[in-house]
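Quantities reported herein were computed from a predicted structural model and do not represent experimental measurements. Residue numbering restarts at 1 for every chain, and letters A, B, ... go by the order of the sequence lines.
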Number of protein chains: 2
Amino acid sequence: MVGLMEKKTHSNAQRAVQELRRLIFSGELAAGSDHLETELADRLGMSRTPVREAALLLESQGLLEMRPRKGVRILPVSSGDMREIYDVLTELESLAAERAAAAGYSNAELAALNTAISDMDAAIAAEDLEAWAEADDRFHAELVRLGGNSRVEMIVAMMSDQVRRAKASTLFIRPLPLQSNEDHRAVYQAILSGDPETARRIHRAHRQQAREILTGLLEKHRLKNL
Amino acid sequence: MVGLMEKKTHSNAQRAVQELRRLIFSGELAAGSDHLETELADRLGMSRTPVREAALLLESQGLLEMRPRKGVRILPVSSGDMREIYDVLTELESLAAERAAAAGYSNAELAALNTAISDMDAAIAAEDLEAWAEADDRFHAELVRLGGNSRVEMIVAMMSDQVRRAKASTLFIRPLPLQSNEDHRAVYQAILSGDPETARRIHRAHRQQAREILTGLLEKHRLKNL
DNA sequence: GCATTGATTTATGTATTCATTAATAAACGC
DNA sequence: GCGTTTATTAATGAATACATAAATCAATGC
C-alpha cells in the first residue's frame with residue numbers, strides 16, 4: 001500500500017459501476033465487444049468480485065450481457081431496440097408531463113425547465129449540437145422529476161442510458177432541431193397553466209416525432225447497431 | 001459430497017434468486033424484515049457469494065434493499081408505491097394494447113387472451129377469487145406479450161412482481177370484479193378488429209379504474225405497508 | 001447518573017483459492 | 001487426409017479467508 005492519499009468515498013463495486021459506465025459511454029468498451037472478467041478487473045485495478053457485482057448490475061440495466069466463458073458483452077443497440085426504447089420513453093414522459101401539469105407548480109419551481117429551454121435556444125443559435133443535446137437531456141430529466149413518480153424516473157433514466165450511446169453516433173447526421181423547442185415551450189406553458197391534457201398530448205406528439213426522426217435516420221444510414 | 005443424485009440444471013445464484021423470490025412472495029420473508037447475508041446463505045444451503053449476487057439482482061428489481069451492516073431488507077410496498085406502480089402499468093399496458101391491435105393478430109393468435117377471459121368468467125361464476133386473480137394475471141401478461149416490446153414486457157413484469165404481494169393481502173377485501181371482464185372483452189374485440197385507438201382507450205380506463213379501487217381499498221383499510 | 005471515549009464484536013466488502021466445465025488443441029484411428 | 005475422441009487449457013461459479021468499519025458494550029471521567 002503506497003502512501004498516497006486514498007479516496008474511500010465509494011466502495012470498489014460502486015467505482016466499478018461508474019468506471020464501466022464511463023468506458024461504455026465513451027466507446028472505449030465498444031458495443032458488441034467481449035471482455036473477460038479478469039481483463040476488466042485488471043483494468044480497474046481490483047479483484048474480480050466487485051467487477052462481477054458491477055457487471056451484474058449493468059446487465060440488469062441492459063447495458064451488457066454476461067455470457068459464461070465468452071466474457072462480458074457490451075450490448076449493441078439496434079434500430080429495433082431504439083424503437084422499443086422510444087415507445088417506453090414516449091409513454092412515461094407523457095405521463096410525467098400530465099402529472100407535472102396537474103401538480104400546480106409555481107413559476108419558481110419550473111425554473112430548471114425554463115433554463116433548459118433557454119439553453120437549447122442558445123445552442124441552436126450557436127449551432128452547437130453538443131450543447132443542445134445536453135440541454136435537451138436536462139429538459140427531459142427535469143420534466144420526469146417534476147412528474148413525481150420515482151419509478152418512472154428510474155425507468156426513464158435506464159432507457160436514456162441506452163439511448164445515449166446512439167445519440168453520440170447520430171448527432172452529426174441530424175438536422176438542427178428547430179421545431180423541437182417550440183414543443184418544449186408549449187409543454188412548459190401547459191404545465192405552468194395547469195393543463196394536464198394539453199401537456200400530455202403535446203409531449204406525446206413531440207416524442208413520437210423524435211422517434212420517427214431518429215429511427216428513420218438510423219435505418220437510412222444503415223446504422224443497424226450502435 | 002454425498003453420493004446422491006445432484007441436479008445441476010441451474011447455478012446456485014439462479015436458485016438463490018428463485019428461492020428468495022418464493023420466500024418473499026410467500027411472506028416467509030416478511031416485508032420490512034431484515035436478514036443477514038450469512039443467515040440467508042445458511043437457509044439456502046450455499047455460501048454468501050451466490051446469495052449476494054441474487055440479492056443484488058433483486059435489489060435492482062425493487063424487491064429488497066441491501067443496507068450495509070443492517071442486512072437485506074425486504075421492501076414494503078406502500079399505497080403511494082402502489083399508485084406509482086399502477087401509473088406505470090397503465091401507460092405501458094395501454095401502449096401494448098394499442099400495438100397489439102395494430103399488429104393484426106389472427107383469431108388463433110389471440111387464443112390465449114380469449115382463454116384467460118373465459119377463465120375469469122368461470123372464476124367469477126364460481127366466486128373463486130384466487131382463480132380469478134391468476135387468470136387476470138395471465139390476461140395482462142399475454143396482452144403485454146402481444147404488444148411486441150420486450151422492454152415493456154420486462155418493466156411490466158417487474159412492476160407486477162411488486163404488486164403481487166399486495167394482491168394477496170387485498171384479495172379478500174375486494175368485491176368480485178364483475179365490471180372488469182367486460183373491459184377485457186372490449187379490449188380483446190378492439191385488438192381482433194384492429195382498432196388501436198379503442199384498444200388503448202379502453203385498456204387505459206380499465207387500469208385507471210383498477211388503480212382507484214386498489215389504492216382506495218388500501219387507504220380505507222389503513223394498509224399503508226404490505 | 002449521564003455522557004463520552006475506548007474496546008470488542010460482527011457483518012460486510014473484497015481478495016484469494018479452488019472446482020467445474022466449456023472450449024481448444026492434440027492425437028489417434030480409419 | 002479427415003473425422004472422432006481424448007487431453008489440456010482457461011474462464012467462470014462458488015467457497016473461503018481476511019481486512020475494514022460500523023455498531024454495541026463497557027468503562028471511565030465528570
Side-chain angles (χ1 to χ4, degrees), chain A residues 1-24 29-30 32-75, chain B residues 1-24 29-30 32-75:
Chain A
M1 180 79 79
V2 287
L4 296 173
M5 284 202 295
E6 307 286 340
K7 46 169 178 255
K8 45 184 57 177
T9 35
H10 294 300
S11 72
N12 277 0
Q14 287 173 294
R15 289 200 305 109
V17 170
Q18 290 183 328
E19 195 61 13
L20 288 177
R21 284 174 57 91
R22 194 187 64 74
L23 290 170
I24 292 170
L29 295 180
S33 61
D34 293 324
H35 306 273
L36 299 178
E37 293 179 8
T38 312
E39 172 208 326
L40 294 174
D42 288 348
R43 193 159 176 172
L44 302 189
M46 56 186 76
S47 81
R48 276 176 53 219
T49 310
V51 171
R52 240 182 105 78
E53 291 190 355
L56 249 359
L57 180 74
L58 297 178
E59 179 173 45
S60 81
Q61 298 185 352
L63 289 180
L64 53 85
E65 184 186 19
M66 296 179 78
R67 299 183 309 172
R69 319 256 143 205
K70 315 194 92 173
V72 168
R73 177 184 194 76
I74 310 302
L75 282 181
Chain B
M1 180 80 79
V2 288
L4 295 174
M5 284 202 296
E6 307 287 339
K7 50 170 176 251
K8 43 184 60 176
T9 36
H10 293 301
S11 73
N12 277 1
Q14 287 173 294
R15 288 201 304 110
V17 170
Q18 291 183 327
E19 195 60 12
L20 287 177
R21 284 175 57 90
R22 194 187 64 73
L23 290 169
I24 291 171
L29 295 181
S33 60
D34 293 323
H35 308 273
L36 298 179
E37 292 179 9
T38 311
E39 172 208 326
L40 293 175
D42 287 349
R43 194 159 175 173
L44 302 189
M46 55 185 78
S47 80
R48 275 176 54 219
T49 309
V51 172
R52 240 181 104 80
E53 291 190 356
L56 249 0
L57 181 73
L58 296 177
E59 179 174 45
S60 81
Q61 298 185 351
L63 288 181
L64 53 85
E65 184 186 20
M66 296 180 78
R67 299 184 308 172
R69 316 258 142 204
K70 315 194 91 174
V72 168
R73 179 184 193 74
I74 311 302
L75 283 181

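When side chains are defined from C-beta on, Leu44(A) counts as touching Leu20(A), because their heavy atoms get closer than 4.5 Å. Counting heavy atoms from C-beta outward, Glu39(B) and Val72(B) have side chains that stay 4.5 Å or more apart.
Protein atom CG of Asp42(B) is 12 Å distant from nucleotide atom P of dA15(D), rounded to whole Å.
Atoms CG and CZ, on Leu64(B) and Arg21(B) in that order, are 11.0 Å from each other to the nearest 0.5 Å.
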Footprint string (nucleotides 10-18 of chain C, 5' to 3'): B base within contact, S backbone only, - free, heavy atoms under 4.0 Å: BBBBBBB--
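Side-chain atoms of Glu59(B) come within 3.5 Å of backbone N or O of Met66(B) as a donor-acceptor pair.
Taking the charged nitrogens against the carboxylate oxygens, Glu19(B) and Arg43(B) have no contact shorter than 4.0 Å, which rules out a salt bridge.
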